[in-house]
Amino acid sequence: QVQLVESGGGSVQAGGSLRLSCAVSGVGYTTHCMGWFRQAPGEEREGAASLNIAVHNVGPTTYADSVKGRFTISQDNDSNTVYLQMDSLKPEDTAIYYCAVHWGNCRTLRGTEFGYWGQGTQVTVSS
């Protein structure tokens with residue numbers, strides 16, 4: 001059974017940083033794609049970043065233009081945790097952030113491709 005549990009959200013001032021964590025279980029030793037998505041109130045869900053995880057290789061990464069250069073997705077294989085390091089945060093980054101997974105290689109940042117989702121963690125950036 002796949003389980004994804006996010007943590008690390010909170011409130012921060014513009015220009016600050018946060019690191020989100022996603023504890024992953026039940027995916028197994030197979031190629032899969034991890035993604036981070038976000039949804040602001042009244043807005044559509046947006047893909048932020050993805051990371052391709054193969055049996056013997058991690059990468060490549062993909063980022064939305066809105067976060068490129070500020071966010072970094074990474075994985076700690078020992079703890080089965082995927083991170084989203086968020087730097088230079090802006091008020092428009094305020095949203096609920098979700099991690100998600102699908103089997104196979106990453107293709108796009110469309111949420112419809114991801115079959116399993118965490119419960120989300122709130123990120124609030126004040127100006």
Side-chain angles (χ1 to χ4, degrees):
Q1 181 181 356
V2 176
Q3 280 195 314
L4 305 174
V5 180
E6 302 98 333
S7 61
S11 298
V12 65
Q13 288 195 321
S17 298
L18 281 174
R19 188 177 76 161
L20 305 183
S21 300
C22 175
V24 182
S25 61
V27 171
Y29 195 59
T30 186
T31 298
H32 56 281
C33 178
M34 295 298 308
W36 281 99
F37 294 79
R38 63 187 186 180
Q39 188 165 21
E43 300 288 332
E44 291 190 356
R45 182 177 57 196
E46 175 191 26
S50 69
L51 173 65
N52 203 78
I53 300 174
V55 173
H56 298 297
N57 188 46
V58 176
T61 56
T62 301
Y63 297 94
D65 288 343
S66 57
V67 307
K68 200 172 293 183
R70 300 187 299 121
F71 290 11
T72 304
I73 186 171
S74 63
Q75 180 214 25
D76 181 339
N77 192 50
D78 290 338
S79 64
N80 289 327
T81 302
V82 175
Y83 300 100
L84 186 68
Q85 177 68 40
M86 305 186 296
D87 299 317
S88 302
L89 282 162
K90 305 174 182 180
E92 51 264 44
D93 294 319
T94 295
I96 300 175
Y97 283 72
Y98 301 88
C99 66
V101 65
H102 70 70
W103 280 280
N105 291 313
C106 293
R107 295 178 291 272
T108 72
L109 270 174
R110 284 198 296 266
T112 51
E113 296 201 1
F114 291 77
Y116 297 90
W117 295 78
Q119 82 289 349
T121 185
Q122 176 71 48
V123 171
T124 303
V125 184
S126 58
S127 58

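Atoms considered below: every heavy atom in the structure, side chains included; atoms not considered: hydrogens, waters and symmetry mates. Start at 1 with the first residue, then count along the sequence.
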Quiz item: Would one find more than 12 heavy atoms of other residues, nucleotides or ligands at under 6.0 Å from atom OH of Tyr63?
Solution: yes
Practice problem: To the nearest 0.5 Å, tell me how far Glu113 CD sits from Cys33 SG. | Solution: 8.0 Å
Quiz item: Where do Trp36 and Ser21 come nearest, in terms of heavy atoms and distance?
Solution: CH2-O, 3.7 Å
Quiz item: Taking atom SG of Cys22 and atom CG of Asn80, what is their separation to the nearest 0.5 Å?
Solution: 10.5 Å
Exercise. Mind listing the closest non-hydrogen atom pair of Arg45 and Gln39 along with its distance?
Key: N-NE2, 3.8 Å
Practice problem: On the 0 to 90° scale, with breaks at 30° and 60°, tag the Trp117-Tyr98 ring pair as parallel, tilted or perpendicular. | Solution: perpendicular
Quiz item: Where do Arg70 and Ser88 come nearest, in terms of heavy atoms and distance?
Solution: NH1-O, 3.0 Å
Practice problem: Quick one: pull up CG in Asn52 and CD in Gln75 and give me the separation to the nearest 0.5 Å. | Solution: 10.5 Å
Quiz item: Is the backbone N or O of Val27 less than 3.5 Å from a side-chain atom of Trp103, with the two atoms forming a donor-acceptor pair by type?
Solution: yes
Quiz item: Got Phe71 and Asp87 here, is their nearest side-chain heavy-atom distance under 4.5 Å?
Solution: no
Quiz item: Is there a donor-acceptor pair closer than 3.5 Å between any side-chain N or O of Glu6 and the backbone N or O of Cys99?
Solution: yes
Quiz item: Between Thr81 (side chain) and Ser79 (backbone), is there a donor-acceptor pair under 3.5 Å?
Solution: yes
Quiz item: Do Asp93 and Lys90 meet the salt-bridge criterion of a basic N to acidic O distance under 4.0 Å?
Solution: no
Quiz item: Taking all atoms of both residues into account, what is the closest heavy-atom pair of Ala14 and Ser127, and its distance?
Solution: CB-CA, 4.3 Å
Quiz item: Side chains of Gln85 and Ser74: does their closest heavy-atom pair fall under 4.5 Å?
Solution: no
Practice problem: Decide yes or no for Ser50 and Met34: does some side-chain heavy atom of the first lie under 4.5 Å from some side-chain heavy atom of the second? | Solution: no
Quiz item: Per the side chain to side chain contact (heavy atoms under 4.5 Å, CB included) rule, which among Thr94, Val125, Val123, Thr124 passes with Ser11?
Solution: Thr124
Quiz prompt | Nearest heavy atoms of Tyr97 and Met86, plus distance in Å | solution = CE2-SD, 3.8 Å
Quiz item: Looking only at atom types and distance, does a side-chain atom of His32 sit under 3.5 Å from a main-chain N or O of Thr30, one as donor and one as acceptor?
Solution: yes
Quiz item: Are Val2 and Val24 connected in a single hydrophobic cluster, I mean Ile/Leu/Val/Met/Phe/Trp/Tyr linked by side-chain heavy atoms less than 4.5 Å apart?
Solution: yes
Quiz item: Is any side-chain heavy atom of Arg38 less than 4.5 Å from a side-chain heavy atom of Val67?
Solution: yes
Practice problem: Return yes when atom CD of Gln13 has more than 12 non-hydrogen atoms of other residues, nucleotides or ligands closer than 6.0 Å, and no otherwise. | Solution: no
Practice problem: Return the minimal non-hydrogen interatomic distance between Leu18 and Leu89, and the atom names on each side. | Solution: N-CD1, 3.8 Å
Exercise. Applying side chain to side chain contact (heavy atoms under 4.5 Å, CB included) between Val82 and each of Leu20, Leu4, Ile73, report the one that passes.
Key: Ile73
Quiz item: In Å and rounded to the nearest 0.5 Å, what is the CZ to OG1 distance from Arg107 to Thr62?
Solution: 12.0 Å
Quiz item: Can you tell me how far OG1 of Thr72 sits from CG of Leu84, rounded to the nearest 0.5 angstrom?
Solution: 8.0 Å
Quiz item: Is there a side-chain contact between Thr121 and Ile96, using heavy atoms and a 4.5 Å cut-off?
Solution: no
